[in-house]
Amino acid sequence: MDSGKQLTGTLAVAVFTATLGSLQYGYSLGVINAPQKVIEKHYARALGVGSERTAVLSKNTTEEDEEIPGEGIHRDVIMYWSLSVAIFSIGGMFSSFLVGFVGDLRGRVKGMLMVNVLAVVAGLLMGLCRMWKPHIMVISGRAVMGFYCGLTSGLVPMYIGEIAPKAYRGALGTLHQLAIVIGILISQVIGLDFVLGNDDMWPLLLGLSGAPAILQSLLLPLCPESPRYLYILLGKEQEAKESLYRLKGAYDATSDLEEMRREKQQADKEPRISILSLIRSSVYRKQLFVALMMHLSQQLSGINAIFYYSTAIFTLAGVAQPVYATIGVGVINTVFTMVSVVLVDKAGRRTLTLAGLAGMCFCAIAMTVGLRFQNDFSWMSYISMSAIFLFVSFFEIGPGPIPWFIVAELFSQGPRPAAIALAGCCNWTSNFVIGMTFQYIQDWLGCYVFILFAVLLLGFTVFTFLRVPETKGKSFEEISALFQKGRKKQAQTPKGNAELQQLRTSTDA
Ligand SMILES: OC[C@H]1O[C@](O)(CO)[C@@H](O)[C@@H]1O
């Protein structure tokens, strides 16, 4: 009989199917960048205004006041364009709160299946945008797609974290990020103007973001439900056992069942914990702080400043074909996420996060030096470019993939859905804030803008060193015990007892 540590075909199908949702998230993140000019032109046409200064002037001189000076784009076009970009994150910010509810309603697999309706609707709205007002159709489609991605960015790591054998939990968890970065890369390549990023094909380019949902809907019925959901939440031991056998092959499931039994006993004492009670509770404060800080460090590292503005940064650094350099960033991004898949269960989450954050901090300083002196020494632009590539590599080694799956590792079954929802919301909100403010911060700090991220990265490195424990190869019980030290005493105090009691009565997750 096998040890239960082997990777079976069913497990591979289940993980592949789940990560189709992550692929869609990555595609939607990246797809909007390359065809900006083309889409703006169509918005302008639909709005009856010019997208070029000359066009506006020749049409109606009174509209000149409505233009952004020096840019030649009508104010309304800019407004609708910015909304098309930003509404995606706003959708995600809201829906990430619902991850626990959707995951617990009918289970992880049915949850992923249900929300696919959103992705298909979003894809249709964008793909058919020329049939009505394209700006309204695209904005609606992006809002629905953002809402879908907020759910999927929580459901996928939750499902994978619960079905993965302990020995591969990190590698399989990292596949969520790998699918995100592959999605970004695909969108960069097919967004090139000679592929789909042109006047005729751009609605198809946007509409395709819903396509993986169709494939995923066909495959999800083949995926076993999470044994932890079946056993710990629903108390269905036999079904959980069958699910374990499907995922792990013929093996002795005694120790897995025993571990789930103990987790169930624990979960029965503290039924589903709501988001609000999780925030208020001092019982889970340490775990929650670590989870939120890890998501903040992912976004406040400045990674999306690089992604959203890399073409502009490469232009500044004097690169002749900045679009291809940006695709180069996408390739490096993908390669180093693959490196992380291989390393994460050997080197550990803590080590890789520390190495990644410290490396990014160093690169942010190098980028600043490069940008500051590029007019004095032409070779400085090579420093900035190398620093960008290295920055992205360090990100994907640890700070990119690890926060997504470590939240599922840090919490036991009771508070897990609420914790994933909060961490997801923190990620989406900080992503949105960076997207909205980076341009202004750049205007304010000029070539010193990455010093800000260097300082933040240093802070996150110190935090990780002091507070983030290693979770590699540990059972959920053992991980939870890491945070219990010093809490046992507290639970015995009247305040600690009262709080546990209050958590037990809270069921509105
Ligand atoms: O690969 C970079 C991408 O990864 C994410 O952090 C998600 O994990 C995105 O916000 C970012 O665009």
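Fair warning: this is a prediction, and the values are worked out from it, not measured in the lab. Atoms within a ligand are numbered from 1 in the order they appear, just like the ligands themselves. Each residue takes its place number in the sequence, starting with 1.
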Exceeds 12 heavy-atom contacts within 6.0 angstrom, atom CZ of Phe463: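 Yes, because the 6.0 Å sphere around CZ of Phe463 holds more than 12 heavy atoms from other groups.
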Phe362, CZ atom: more than 12 neighbouring heavy atoms under 6.0 Å: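 Incorrect, the count does not exceed 12.
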Aromatic ring proximity Phe453/Phe450, centre distance under 6.0 Å: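 Yes, close enough.
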Exercise: do Trp428 and Ser153 side chains pair donor with acceptor under 3.5 Å: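 Note: Trp428 and Ser153 side chains meet the donor-acceptor criterion.
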Pair Asp104-Tyr229, side-chain donor/acceptor within less than 3.5 Å: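 Result is no, nothing qualifies.
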Which segment of Asn431 sits under 4.0 Å of ligand 1 when only heavy atoms are counted: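 Side chain only.
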Check: Gln299 N/O within less than 3.5 Å of ligand 1 N/O: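 Indeed, backbone or side chain, Gln299 has an N or O that close.
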Contact atoms of ligand 1, heavy-atom distance to Trp404 under 4.0 Å: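 Counting from 1, the qualifying ligand atoms are 7 (C), 8 (O).
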Close-contact set for ligand 1 against Glu396 heavy atoms, below 4.0 Å: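 The list of qualifying atoms is 1 (O), 2 (C).
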Option nearest atom 10 (O) of ligand 1 (shortest heavy-atom distance, choices Asn304, Val181, Ile402, Ile182):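 It is Asn304 whose heavy atom sits nearest to atom 10 (O) of ligand 1.
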